[in-house]
Novice: 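First, the structure itself, so that you have it in front of you.
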2 protein chains.
Amino acid sequence: MMGTESSIRQTVEKSGQEPLTVGDVAAQAGVAPSAVRFYESRGVISATRTSGNQRRFSATAACRIHVGRLAQSVGLSIGEIAELFASLPDDPEPKDWQFVADRLVSEAERRLEKLRSDLEALGSGSRLCDLGAALSNRDESELN
Amino acid sequence: MMGTESSIRQTVEKSGQEPLTVGDVAAQAGVAPSAVRFYESRGVISATRTSGNQRRFSATAACRIHVGRLAQSVGLSIGEIAELFASLPDDPEPKDWQFVADRLVSEAERRLEKLRSDLEALGSGSRLCDLGAALSNRDESELN
DNA sequence: ATAGAAGTTAAAGTAATGATGAAGTCAAGG
DNA sequence: CCTTGACTTCATCATTACTTTAACTTCTAT
């Protein structure tokens, strides 16, 4: 009756920590459990272990994954995403998230600007994509 | 003594067509010949064949590859790039290139805007990434 | 005409990004 | 205790985006 949704399985009185399982994070992030494990293996998220060797995540894990997927959609690799999150504390405050979000948006903007300028360079003036680039030797200097 | 750079190997009097080889295109685009063949197999570029079954490309091939690499940097897959180029004629005029470039920039902008809005949705208000989602007992005195 | 650079195909390999399945372990309810 | 669902690791498979290899063929310069 209630096996699908996992609830708190240990009454942690600590302060504000949810010991989320792989399945919890997967459900919250909308990805497969295998993806959650994969992300941990690549440093996108991190986990502690229970005495029984099971992973436990904080609530930020699902968030990292959400942000990571967004980052993928604008061209960042998993490695770049892990790198992006490297500056994020274990228990990030809003300002930390804001910093990461700003960096991500900046990177996306940087890529967009590069796209724009490279496209313009490629088609400087009116002839897009420089259709006469490598033709210095039209039909001379070659004996044929 | 000069086998490295391929030159014009057939005197084509047509009008302005260069029959580029795989190696020519690879050099112009700055990729490996194998990549050029791969791009052809995926419909990013197209080739005619010589009587001896060798590929010959027009000058637009290198350009397509240049643009394709840019597209990859903002998150498009090879399939999406081929799709993007589907609207590009065999011998595109500047306006055709412009159309493609505009579509590409638009798509990149679309993704950037989605990144922005999703990030904002994720951290609506001041709490970025909704760190209180599943929390019941959080010390919510924070609201600076 | 010929040497050798560059081209051909098909198949296999690599790296990134996961999904799927097997065999076994852990935790909670009856 | 025992079942059952969710977890564990490890292996294998899939897809994308290419690269490499092998066995040949074609092209170009001399």
Side-chain angles (χ1 to χ4, degrees), chain A residues 1-12 19-45 47-57 61 65 68-73 75-83 137 141-144, chain B residues 1-12 19-45 47-57 61 64-65 68-73 75-83:
Chain A
M1 174 190 264
M2 55 161 296
T4 307
E5 58 200 42
S6 85
S7 51
I8 302 174
R9 57 191 58 66
Q10 287 180 354
T11 313
V12 176
L20 302 172
T21 65
V22 164
D24 292 337
V25 173
Q28 281 187 22
V31 302
S34 61
V36 173
R37 298 192 187 92
F38 176 71
Y39 293 145
E40 191 214 359
S41 79
R42 305 305 302 273
V44 171
I45 56 181
T48 58
R49 297 294 179 128
T50 66
S51 57
N53 196 35
Q54 297 193 356
R55 293 170 183 83
R56 289 296 182 268
F57 301 90
I65 294 176
R69 309 277 302 180
L70 289 174
Q72 283 185 312
S73 76
L76 278 75
S77 69
I78 293 287
E80 288 168 333
I81 292 163
E83 196 180 331
N137 52 354
S141 81
E142 304 298 324
L143 57 150
N144 50 4
Chain B
M1 179 57 79
M2 57 160 295
T4 307
E5 58 200 38
S6 86
S7 50
I8 301 172
R9 58 191 56 66
Q10 286 181 356
T11 313
V12 176
L20 302 172
T21 65
V22 163
D24 293 336
V25 173
Q28 281 188 22
V31 301
S34 62
V36 173
R37 297 191 188 94
F38 176 71
Y39 292 144
E40 191 214 359
S41 80
R42 305 303 305 271
V44 172
I45 56 180
T48 58
R49 296 295 179 126
T50 66
S51 56
N53 197 37
Q54 296 193 356
R55 292 171 184 82
R56 289 296 182 265
F57 301 89
R64 282 174 177 243
I65 294 175
R69 310 274 305 182
L70 288 173
Q72 284 184 312
S73 77
L76 278 75
S77 68
I78 292 287
E80 288 168 332
I81 291 162
E83 196 180 330

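Chain naming here is simple, since letters A, B, ... match the order of the sequence lines and numbering starts at 1 in each.
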Novice: Nearest heavy-atom pair of B:Ala61 and B:Ile45: which atoms, and what distance?
Specialist: O-CG2, 3.6 Å
Novice: Check the distance between C:dG7's C1' and B:Glu40's CD and give it to me in whole angstrom.
Specialist: 13 Å
Novice: Strictly below 4.0 Å: does B:Thr21 bring a side-chain N or O up to OP1 or OP2 of C:dG7?
Specialist: yes
Novice: Taking the minimum atom-to-atom distance to the side chain of B:Thr50, which one of C:dA19, D:dC27, D:dT19 wins?
Specialist: D:dC27
Novice: Can you name the closest pair of heavy atoms from A:Ile65 and A:Ala29 and give their distance?
Specialist: CG2-CB, 3.6 Å
Novice: What integer distance in Å separates A:Glu80:CD from C:dA15:P?
Specialist: 18 Å
Novice: Answer yes or no: does a side-chain N or O of B:Arg37 lie under 4.0 Å from OP1 or OP2 of C:dT8?
Specialist: yes
Novice: Counting heavy atoms from C-beta on, name the nucleotide in D:dC18, C:dA27, C:dA19 closest to the side chain of A:Ala35.
Specialist: C:dA19
Novice: Taking only the side-chain nitrogens and oxygens of B:Arg69, find out if one of them lies under 4.0 Å from OP1 or OP2 of D:dA17.
Specialist: no
Novice: On DNA chain C, nearest-nucleotide positions of B:Gly52 versus A:Gly79: which is more 5'?
Specialist: B:Gly52
Novice: So, OP1 or OP2 of D:dT16: does either fall under 4.0 Å of a side-chain N or O from B:Gln72?
Specialist: no
Novice: So which one's nearest nucleotide on DNA chain C is more toward 5', A:Asn53 or A:Val36?
Specialist: A:Val36
Novice: Given C:dT8, D:dT8, D:dT19, which nucleotide is nearest the side-chain atoms of B:Arg55?
Specialist: C:dT8
Novice: Go through D:dT20, C:dT17, C:dA19 for me and flag the one nearest to the A:Ser77 side chain.
Specialist: C:dT17
Novice: Which of the following nucleotides, D:dC27, C:dT17, D:dA17, is nearest to the side chain of A:Phe38?
Specialist: C:dT17
Novice: Starting at CD1 of A:Ile78 and ending at C1' of D:dA17, how long is that distance when rounded to a whole Å?
Specialist: 16 Å
Novice: Using the side-chain heavy atoms of A:Gln54, tell me which of these nucleotides is nearest: D:dT19, D:dC27, D:dC7.
Specialist: D:dC7
Novice: Scan B:Arg55, B:Gln28, B:Arg56 and name whichever one has a side chain to side chain contact (heavy atoms under 4.5 Å, CB included) with B:Leu20.
Specialist: B:Gln28
Novice: Can you tell me how far C1' of C:dT8 sits from CZ of B:Phe57, to the nearest Å?
Specialist: 12 Å
Novice: Of all heavy-atom pairs between A:Ile81 and A:Gly68, which one has the smallest distance, and what is that distance?
Specialist: CD1-O, 3.3 Å
Novice: Kindly point out which of C:dG18, D:dT9, D:dC27 is positioned nearest to the side chain of A:Tyr39?
Specialist: C:dG18
Novice: Distance check needed: C:dT17 P versus A:Ile45 CD1, whole Å only.
Specialist: 15 Å
Novice: Hey, which of these two, A:Arg49 or B:Val31, hits DNA chain D nearer its 5' end, going by closest nucleotide?
Specialist: A:Arg49
Novice: Of all the nucleotides listed (C:dT8, D:dC18, D:dT9), which has the minimum atom distance to the side chain of B:Val22?
Specialist: C:dT8
Novice: Could you tell me which non-hydrogen atom of B:Val22 sits nearest to which non-hydrogen atom of B:Phe57, and how far apart they are?
Specialist: CG2-CE1, 3.7 Å
